[in-house]
Amino acid sequence: AHHLTLVEECSDALHFILSLANQVDYKIVTIGKHFKASKDSDSLEKNFLFLNHLIGSAEFKHFHSDLEMIIDVFFIYIDQSGISEQELEQAYYDKNKINYERLENGY
């Protein structure tokens with residue numbers, strides 16, 4: 001259950017990152033890179049905190065380079081968490097389907 005919750009939360013984070021990229025017309029080319037990162041819990045927590053820092057300190061004047069770093073660290077975090085790209089993609093599409101159903105029903 002914990003793993004599925006983590007996958008769902010990460011798919012929400014992916015949606016947020018893609019929304020940011022879309023707003024500034026940033027073409028993401030780093031998805032599909034295969035990151036192999038340390039899986040120890042200390043580095044996982046450090047990357048989570050680093051990712052939060054990057055998002056909080058992103059600046060508009062060099063937003064594209066900040067966004068690229070956010071995307072890179074996000075996918076390292078995904079790999080560290082043991083989430084496959086297929087799991088993340090499926091969770092993203094499942095959540096998208098729910099969101100569209102909510103819009104259609106005036107949620």
Side-chain angles (χ1 to χ4, degrees):
H2 174 71
H3 183 75
L4 286 178
T5 302
L6 182 60
V7 172
E8 289 172 2
E9 293 296 329
C10 287
S11 77
D12 286 342
L14 177 62
H15 178 77
F16 173 73
I17 290 169
L18 293 176
S19 295
L20 287 177
N22 192 38
Q23 286 179 27
V24 295
D25 200 31
Y26 178 79
K27 304 294 182 237
I28 298 175
V29 294
T30 54
I31 292 179
K33 278 186 181 178
H34 294 282
F35 296 105
K36 289 297 162 214
S38 169
K39 297 229 188 315
D40 68 81
S41 59
D42 187 46
S43 64
L44 180 66
E45 183 178 346
K46 284 179 184 171
N47 262 350
F48 178 78
L49 295 173
F50 184 48
L51 187 57
N52 279 300
H53 168 74
L54 288 173
I55 292 168
S57 64
E59 295 184 18
F60 187 76
K61 63 183 171 187
H62 28 69
F63 196 71
H64 281 211
S65 60
D66 288 350
L67 189 56
E68 186 171 350
M69 187 177 289
I70 289 167
I71 292 164
D72 286 348
V73 174
F74 175 72
F75 279 98
I76 290 169
Y77 180 78
I78 293 298
D79 184 60
Q80 286 177 311
S81 300
I83 298 171
S84 72
E85 291 176 15
Q86 294 79 14
E87 282 179 301
L88 182 63
E89 183 179 13
Q90 188 59 55
Y92 177 81
Y93 286 124
D94 290 348
K95 184 68 181 258
N96 235 10
K97 182 179 176 190
I98 291 168
N99 287 341
Y100 277 109
E101 288 170 357
R102 287 176 174 169
L103 284 173
E104 289 172 1
N105 295 317
Y107 177 76

- [ ] Please report the C-alpha distance between Y26 and L20 in whole Å, then the side-chain angles of each, then the deciding distance to 0.1 Å, and finally whether the side-chain contact (heavy atoms from CB on, under 4.5 Å) criterion is met.
- [x] CA-CA 8 Å; Y26 178 79; L20 287 177; over 6 Å; no
- [ ] Determine, step by step, whether D72 and Y77 satisfy the side-chain contact (heavy atoms from CB on, under 4.5 Å) criterion, reporting the C-alpha distance in whole Å, the side-chain angles of both residues, the deciding distance to 0.1 Å, and the verdict.
- [x] CA-CA 9 Å; D72 286 348; Y77 180 78; over 6 Å; no
TODO: Show your reasoning for whether side-chain contact (heavy atoms from CB on, under 4.5 Å) applies to L54 and V73.
DONE: CA-CA 9 Å; L54 288 173; V73 174; 3.7 Å; yes
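Residues meeting the ring pair (Phe, Tyr, Trp, His ring centres under 6.0 Å) test with H53, sequence neighbours left out: none. Among residues two or more places apart in sequence or in another chain, the ring pair (Phe, Tyr, Trp, His ring centres under 6.0 Å) test is passed with F50 by none.
In this structure, N52 contributes its side chain and F48 its backbone to a donor-acceptor pair below 3.5 Å. Between the side chain of H64 and the main chain of V24, a donor-acceptor pair closer than 3.5 Å is present. Formation of a donor-acceptor pair under 3.5 Å by the E87 side chain with backbone atoms of S84 is found in this model.
Of the inter-residue distances, the one linking L14 atom CG with I83 atom CD1 reads 10.5 Å to the nearest 0.5 angstrom. With values rounded to the nearest 0.5 angstrom, H15 atom NE2 is found 14.5 Å from C10 atom SG. Residue T5 holds its OG1 atom at 7.5 Å from NE2 of H2, rounded to the nearest 0.5 Å.
Nearest approach of D66 to A58, heavy atoms of both residues: OD2-CA, 3.4 Å. Nearest heavy-atom pair, L51 versus I70, reported as atom, atom and distance to 0.1 Å: CD1-O, 3.5 Å. Among all heavy-atom pairs drawn from S81 and L6, the shortest one is CB-CD2, 3.7 Å.
Among I17, N47, D79, the single residue meeting the side chain to side chain contact (heavy atoms under 4.5 Å, CB included) criterion with F74 is I17.
Counting only residues at least two apart or on different chains, the side chain to side chain donor-acceptor pair (under 3.5 Å) pairs with a member in residues 94-106 are D12-K95, Q90-D94.
Hydrophobic clustering, with ILVMFWY side chains joined whenever heavy atoms are under 4.5 angstrom apart, keeps I98 apart from V7.
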